[in-house]
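The shown structure was predicted, so the numbers you read here are calculated from the model rather than taken from an experiment.
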4 protein chains.
Amino acid sequence: MPKETFFNLSETKRKRILEAAIDEFAENGYENSRVNEIVRRSTIPKGSFYQYFENKCDLFRYVLDIIYKKKMEMMTDIEISHKELSVFETLRIMVEAGIKMAEEDPRLSKISDKLVANKPLMDEVLKEYAPSSDDLIKSLIRRGKDNGELADWVDPELASNLITAFILSLSEMIRSSNNGIIAEAAREKYLSLINFLEYGMKRREDDDSGK
Amino acid sequence: MPKETFFNLSETKRKRILEAAIDEFAENGYENSRVNEIVRRSTIPKGSFYQYFENKCDLFRYVLDIIYKKKMEMMTDIEISHKELSVFETLRIMVEAGIKMAEEDPRLSKISDKLVANKPLMDEVLKEYAPSSDDLIKSLIRRGKDNGELADWVDPELASNLITAFILSLSEMIRSSNNGIIAEAAREKYLSLINFLEYGMKRREDDDSGK
Amino acid sequence: MPKETFFNLSETKRKRILEAAIDEFAENGYENSRVNEIVRRSTIPKGSFYQYFENKCDLFRYVLDIIYKKKMEMMTDIEISHKELSVFETLRIMVEAGIKMAEEDPRLSKISDKLVANKPLMDEVLKEYAPSSDDLIKSLIRRGKDNGELADWVDPELASNLITAFILSLSEMIRSSNNGIIAEAAREKYLSLINFLEYGMKRREDDDSGK
Amino acid sequence: MPKETFFNLSETKRKRILEAAIDEFAENGYENSRVNEIVRRSTIPKGSFYQYFENKCDLFRYVLDIIYKKKMEMMTDIEISHKELSVFETLRIMVEAGIKMAEEDPRLSKISDKLVANKPLMDEVLKEYAPSSDDLIKSLIRRGKDNGELADWVDPELASNLITAFILSLSEMIRSSNNGIIAEAAREKYLSLINFLEYGMKRREDDDSGK
DNA sequence: GATGAATGAGACTTCATTCAT
DNA sequence: AATGAATGAAGTCTCATTCAT
């Protein structure tokens, strides 16, 4: 976590620093990003950097935190405000929102994608973030089962894994679309995957199997 | 590609060097791995390293190549030698083989997982490897449709995406099992995902929908 | 050009660094000089070196610049402040001044002499410096012709070549006097060369030839 | 001096090695030339290199020796076989021969030009070669004085310096003509310098001065 | 003698972090 | 708190020369 001095800064300055950091991390990943460059881009003195942050890693984790919180907030908002919709309708909205977020600021997606290289760092981060995002999906599934939308055999654990796999592959698609605009094709492909999930999981008259 | 001098070495020495490299890359990813360390672990002089390899990247790509070829060989063998099996049976065997491979040498899986940090390098590598592994899956799907195992609406493109997403999430599971032994739970989870795929894609009497 | 940080240093420190660099370059030429050694001699940390200069070449070119500017300033001063003297008198003063300069700091002459090994570097440097020094000589010649001191047939181009050849051979003499003190003999030889030039170029009553 | 093993080689092989060395030295100068490259170009094993030569320097000095001997032989031949010609006629022929030599193999001129960077090496080399080339010129001058071609005041020492200065500047011209073909302009300039020398040094009716 | 692998000192440079004002 | 210079460990890579077969 940044030091108190960072939070005492004017918002404009804080923004400037964060923008610079996000740019640098998105372009180069954690390892290849340079404090020098962040400092240059945000036009703060190098000494100040270490007065605001413990070290490079401190800032990076703070940036991750921001990204993660933004994503979670978005997802949770949707989950809460669309309780009347079906599970898959909700998922579709989440995907659309995720794509929109990635289009609005592709840097954020890039940063998480590039996370993987640094083992100890990544482990720490995952331990922190993974559970709650998993929880969100599971609670969505549970609602679907309570509603009778989903077949009885559907296991929340299983479904959550499926959906997480999808989210990962979404990131991949976004990452590989180099211009920052998600091609329409990618969106369609994505929605068809949800169709498939729906087709496979929805309750049927002759509900007998799955496993 | 390593230089000729490398291939002229005794097998024991070549192995020693590769083992050292794989260890280092698996532990630290490409960026954080040090030639110095590889050289120390394999007890070769630093000068020799550069007589065997163009540079650090050269060795890394060679290691990736080995991993990739090993995986592909395994997958292709299965695809060819089990033409009598159903698509999903084949997939199950592939998954089992993949898990076994990862259990036998978890370092190999780790290396590919940590690839992502270096964008230009990764792009190059993907361009080289992705297509053929995609082809394998697609040919599997096509066979399933020709056999009448798969529903008519199943799009090879879509299915290949689904399966690739699964493979990604498999890697993830393996990676997160830090002790090197894939928990039995992970295997079960995995197989249940294939069950789901089968359930969703198989041809039915009343085959009408999906999309 | 050195970075701003270099010019912000105290003069003593800047001098110390330059002295160390000049020593090293004079003794070993560009190729054989080591940043390590410059850093050791000036007792600055290696990291500082790269905070002051882009790289080894940057410092070298800066040193050349200093030498060149010093020489040009000296020569130009003489040319301007002795307009009443004959061309050859001026040349004699220049030579004396050049010798004195070389005696005061023989390292400077040595550095330019050793420049030649690195072709691309040298070409760049020559492109930068040669023209203006050529101009100085030519303007001197032109004045001589306007004055009627020089024979009509004397071609500024030719004369400038002659004189440049002399300056080269002067450098050579200085370089080969390894103790740093220009032997009196060398000076005399030098002046006799100018005598010869004067004898050959001065206007005569029966001015008919040359070419 | 190369070892006996070198001189025992077949002429074709010896030539091949020398050609490779001359290429490398001409392109890069002594410091920047690599034994590796010479070995590669001449397709001899690296081990053989050190069986033929003491070390890199040994080969370099041998190459210098060849160049120098070639030049001296050419100059001496001219001096001997044209005793009937005037001093300056002889010089003109020498210059033409020198230019032709440089045109036929510009690499040779380049090598001597790039010599200067390595102080101890150069000093040694100069000590070895300079005297005899100086002698040649001086003997030429002496003949001129004995003939009565040259003015009484002409000092052999002085004249030899002058001519050496010219030869230096000739090298320079050749070096800077990057295409390897000496521009016609350079030749003309050169000859006009000799004209000047002749004009300045030749005996006149009213021979009174110079000094 | 021929061969080519082995060797390691040492070159340049980067960069996160600390220090001093 | 702000500033930017100071610091040095560590990185990659080169290359002349020696060694072993």
Side-chain angles (χ1 to χ4, degrees), chain A residues 3-6 8-9 13 31-40 43-60, chain B residues 3-10 13 31-39 43-59, chain C residues 3-10 13 31-39 43-59, chain D residues 3-6 8-9 13 31-40 43-60:
Chain A
K3 301 182 188 170
E4 219 187 294
T5 49
F6 176 69
N8 292 337
L9 292 176
K13 194 165 183 181
E31 308 295 342
N32 291 354
S33 291
R34 286 154 305 162
V35 171
N36 263 343
E37 189 58 18
I38 294 173
V39 148
R40 196 190 58 72
T43 59
I44 60 166
K46 181 130 86 181
S48 298
F49 183 95
Y50 286 88
Q51 228 142 18
Y52 304 150
F53 309 101
E54 215 71 65
N55 48 34
K56 180 174 138 180
C57 185
D58 184 28
L59 168 55
F60 184 64
Chain B
K3 301 183 188 171
E4 220 186 295
T5 50
F6 177 69
F7 296 108
N8 292 338
L9 291 177
S10 75
K13 194 165 185 180
E31 309 291 345
N32 288 359
S33 291
R34 291 150 300 161
V35 171
N36 268 344
E37 187 59 19
I38 294 173
V39 148
T43 57
I44 59 168
K46 207 190 306 202
S48 296
F49 182 95
Y50 287 92
Q51 216 148 24
Y52 304 149
F53 309 102
E54 214 72 65
N55 47 36
K56 180 174 138 181
C57 185
D58 184 27
L59 169 55
Chain C
K3 302 181 187 172
E4 222 186 293
T5 49
F6 178 68
F7 297 108
N8 292 338
L9 292 177
S10 76
K13 193 163 185 182
E31 308 292 346
N32 289 357
S33 290
R34 290 152 301 162
V35 171
N36 267 345
E37 187 58 19
I38 294 173
V39 147
T43 59
I44 59 167
K46 208 189 304 200
S48 296
F49 183 94
Y50 288 91
Q51 215 147 27
Y52 303 150
F53 310 102
E54 216 70 65
N55 47 35
K56 181 174 139 183
C57 185
D58 184 28
L59 168 55
Chain D
K3 301 182 186 171
E4 220 187 294
T5 50
F6 177 69
N8 291 339
L9 292 176
K13 193 163 184 181
E31 308 295 343
N32 291 353
S33 290
R34 288 153 303 162
V35 171
N36 264 344
E37 189 58 19
I38 294 173
V39 149
R40 195 190 59 73
T43 58
I44 58 167
K46 182 128 90 184
S48 298
F49 184 95
Y50 285 90
Q51 227 143 17
Y52 303 150
F53 309 101
E54 214 70 64
N55 48 33
K56 178 174 139 180
C57 185
D58 184 28
L59 168 56
F60 184 64

> Could one point to a donor on the side chain of B/K46 or the base of E/dT7 with an acceptor on the other under 3.5 Å away?
Replying inline: no
> Which nucleotide, E/dT3, F/dA5, E/dC12, lies nearest any side-chain atom of D/S48?
Replying inline: E/dT3
>> Quick one: does any side-chain atom of C/K3 pair with a main-chain N or O of C/Y50 as donor and acceptor, under 3.5 Å?
In response: yes
> What is the base-pairing partner of E/dT7, counting Watson-Crick and G-U wobble geometry with both distances under 3.5 Å?
Replying inline: F/dA16
> Atom CZ of C/R34 and atom P of E/dA9: how far apart are they, to the nearest Å?
Replying inline: 16 Å
> Can you tell me how far P of F/dA1 sits from CZ of A/F6, to the nearest Å?
Replying inline: 15 Å
>> Can you tell me if C/K56 touches the phosphate of E/dC12, counting only side-chain N or O atoms and a distance under 4.0 Å to OP1 or OP2?
In response: yes
> Nearest of F/dG11, E/dT3, F/dA2 to any side-chain atom of A/L9?
Replying inline: F/dA2
> Under 4.0 Å: is that the gap between some side-chain N or O of C/Y52 and OP1 or OP2 of F/dA6?
Replying inline: yes
> Starting at CD of A/E31 and ending at C1' of E/dT14, how long is that distance when rounded to a whole Å?
Replying inline: 15 Å
>> From CG of A/N32 over to P of E/dT14, roughly how many Å is that when rounded to an integer?
In response: 14 Å
>> For a quick test of reading the model, state the closest non-hydrogen atom pair linking C/V35 to C/K56 and the distance between them.
In response: CG2-CB, 3.8 Å
> For B/N8 and E/dA5, is the shortest distance between a side-chain N/O and OP1 or OP2 below 4.0 Å?
Replying inline: yes
>> In whole Å, I'd like the distance from the CD1 atom of C/I38 to the C1' atom of E/dT13.
In response: 14 Å
> Hey, what do you get for CG (C/N32) to CD (C/E37), rounding to the nearest 0.5 Å?
Replying inline: 12.5 Å
>> Tell me the interatomic distance from A/F53, atom CZ, to E/dT18, atom P, rounded to whole angstroms.
In response: 16 Å
> Checking all strands, does D/S33 fall into the base, sugar-phosphate, or nothing category for heavy-atom contacts under 4.0 angstrom?
Replying inline: sugar-phosphate
> How would you label the contact of B/K3 with the nucleic acid (heavy atoms, under 4.0 Å): base, sugar-phosphate, or nothing?
Replying inline: nothing
> Distance from D/T43 atom OG1 to D/K13 atom NZ, nearest 0.5 Å?
Replying inline: 8.0 Å
>> Judged by each residue's nearest nucleotide on DNA chain F, which is more toward the 5′ side, C/I44 or B/G47?
In response: C/I44
>> Quick check on DNA chain E: between A/C57 and D/F49, whose nearest nucleotide comes earlier from the 5' end?
In response: D/F49
>> On DNA chain F, compare the nucleotides closest to C/E4 and D/Q51; which residue's is nearer the 5' end?
In response: C/E4
> Could you give the NZ-to-C1' distance, from C/K13 to E/dA20, as a whole number of Å?
Replying inline: 12 Å
>> Need the pair for F/dT21. Rule: Watson-Crick or G-U wobble, both distances under 3.5 Å, any strand; none if unpaired.
In response: E/dA2
>> Counting only side-chain heavy atoms from C-beta out, which of E/dT18, E/dT13, E/dG1 sits nearest to A/Y50?
In response: E/dT18
>> How long is the straight-line distance from CZ of C/F49 back to CD1 of C/I38, given to the nearest 0.5 Å?
In response: 5.0 Å
> Reckon B/N36 touches a base, only the sugar-phosphate, or nothing at all at heavy-atom distances under 4.0 Å?
Replying inline: base
>> Could you tell me how far apart B/E37 (CD) and F/dA9 (C1') are, to the nearest whole angstrom?
In response: 15 Å
